[in-house]
Number of protein chains: 2
Amino acid sequence: MGDREGPRPGGRSARVQASVHGAARALLARMDRAQVTIPLIAAEAGVTPSTIYRRWGELHELLADVAVERLRPDMAPADTGSGRGDLLAWAEQYAEEMSSDLGRRMIRDVLAAEGGAGPRRCCGYVAEQIGVIARRALARGEAFPETDAVLDRVVAPIVYRILFDEALGPDRVGDLVATAMAEARRR
Amino acid sequence: MGDREGPRPGGRSARVQASVHGAARALLARMDRAQVTIPLIAAEAGVTPSTIYRRWGELHELLADVAVERLRPDMAPADTGSGRGDLLAWAEQYAEEMSSDLGRRMIRDVLAAEGGAGPRRCCGYVAEQIGVIARRALARGEAFPETDAVLDRVVAPIVYRILFDEALGPDRVGDLVATAMAEARRR
DNA sequence: CTCCAAACGCAAAGAATTTGCGTTAGTCCC
DNA sequence: GGGACTAACGCAAATTCTTTGCGTTTGGAG
């Protein structure tokens, strides 16, 4: 049940999904994003367009699917020795990755899809990473803010600025982390 | 120069733009969003599809244009007698409007467009409203946080949750405002 | 008043999307 | 293991959307 949404692991569906995802990533890396179409992806993946249309419906849905996959963290946040250091390192890296052209585009792809599942999953990934940092900090006996507080004070401003204004620099991210950590005492 | 990007006020271009915007709004209100297409909008507006394609390029650009228009505030924030009250009232209304289905969709439309002009303009609208509240507060001799601080502590969490998670209730919005107002003392 | 540039309408060509039908692959139950 | 069943796929035709060339109109400048 915790199995993502996909079909069963070894089936034909899974193979098609993998090859379509791979084709989409390859094309996105190779050419301008406005020129990537479903027939192109289908040709690259070795399937017929109708297969993609039936499964994903629109290009946005497919790209969102691919983007969510790429936004899933592949490792635990670095352990710098303190919760504050961990959060700062994580936040700086996150801000940098997401403000890159690729990161920006992935976020927008995720948001463009119809169902709310993609964005929520991304938020979940972030919350999970913060949770790891938090548990590590608490195990060391340190104070650490609630995950929701970190989302509100650190993650939200980073993402909001990337989407609507201009990406925050490392110094501003540091300020956000400091503000969030100040919240920890009230726990 | 503060004139938006559009053509001169009375020209033919302006009339076409107005009628296309109106047609798009009418169709969005009347039918499901996935069924709204450029040829449909063109028919409703009484122009040929190629006109729309040439001016906006894609449906997303047009919808983003329409959404930005609708997101522009049409009046100054209510004056409740104090900066804190003004901000609270504004934030609660903003959160409510943006978390509605319509608001959500408009935000996503704005973000889906290619150029970064739309999102920045929306952010500018918000900053402007906050600026009005701030100037009123300062004129009364009250303390009030920087606009950037309000964006980070109040607006960003509201929008982030709407886009990625679940909309915040009025109580949580109140907490955000309280946090932001606490910042004012350091000015 | 005349000229000019930008924008529009029309229509044909090209590309993408939808859909019906036959076939295949994997699954479940003997 | 073997047979039936379901979901997904391939193919191809029909539909709809998108692009583009060319002539015409419109509003503004000199």
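Residue numbers begin at 1 in each chain, while the letters A, B, ... track the order of the sequences.
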Find the distance [X]:[atom1] to [N]:[atom2] and express it as a whole number of Å.
X	N	atom1	atom2	answer
Leu40(B)	dC17(D)	CG	P	7 Å
Ile52(A)	dC11(D)	CD1	P	13 Å
Gln35(A)	dA16(C)	CD	C1'	15 Å
Trp56(A)	dA16(C)	CH2	P	18 Å
His60(A)	dA16(C)	NE2	C1'	14 Å
Arg12(B)	dT26(D)	CZ	C1'	4 Å
Arg15(A)	dG10(D)	CZ	P	11 Å
Ile38(B)	dG9(C)	CD1	P	14 Å

With a 4.0 Å cutoff (strictly under), does any side-chain N or O of Thr48(B) reach OP1 or OP2 of dC10(C)?
no
When you measure only distances, ignoring hydrogens and angles, does the side chain of Arg54(B) come within 3.5 Å of the base of dG9(C) through a donor and an acceptor?
yes
Is there a donor and acceptor pair, one atom on the side chain of Ser50(B) and one on the base of dC10(C), closer than 3.5 Å?
yes
Sub-4.5 Å side-chain heavy-atom contact between Leu71(B) and Val68(B):
no
Taking the side chain as C-beta and beyond, is there a heavy-atom pair between Arg72(B) and Glu128(B) under 4.5 Å?
no
Results of salt bridge (charged side-chain N to carboxylate O under 4.0 Å, His left out) for Glu114(A) - residues two or more places apart only
Arg108(B)
Consider the side chain of Val16(A), meaning its heavy atoms from C-beta on, and name the nucleotide among dG26(C), dC9(D), dG9(C) that approaches it most closely.
dC9(D)
Between Thr51(B) and Thr37(A), which is nearer to the 5' end of DNA chain C once each is assigned its nearest nucleotide?
Thr51(B)
Check the pair Arg153(A), Glu183(A) against salt bridge (charged side-chain N to carboxylate O under 4.0 Å, His left out), reporting the backbone distance first and the verdict last.
CA-CA 10 Å; Arg153(A) 308 224 190 295; Glu183(A) 196 85 352; 3.0 Å; yes
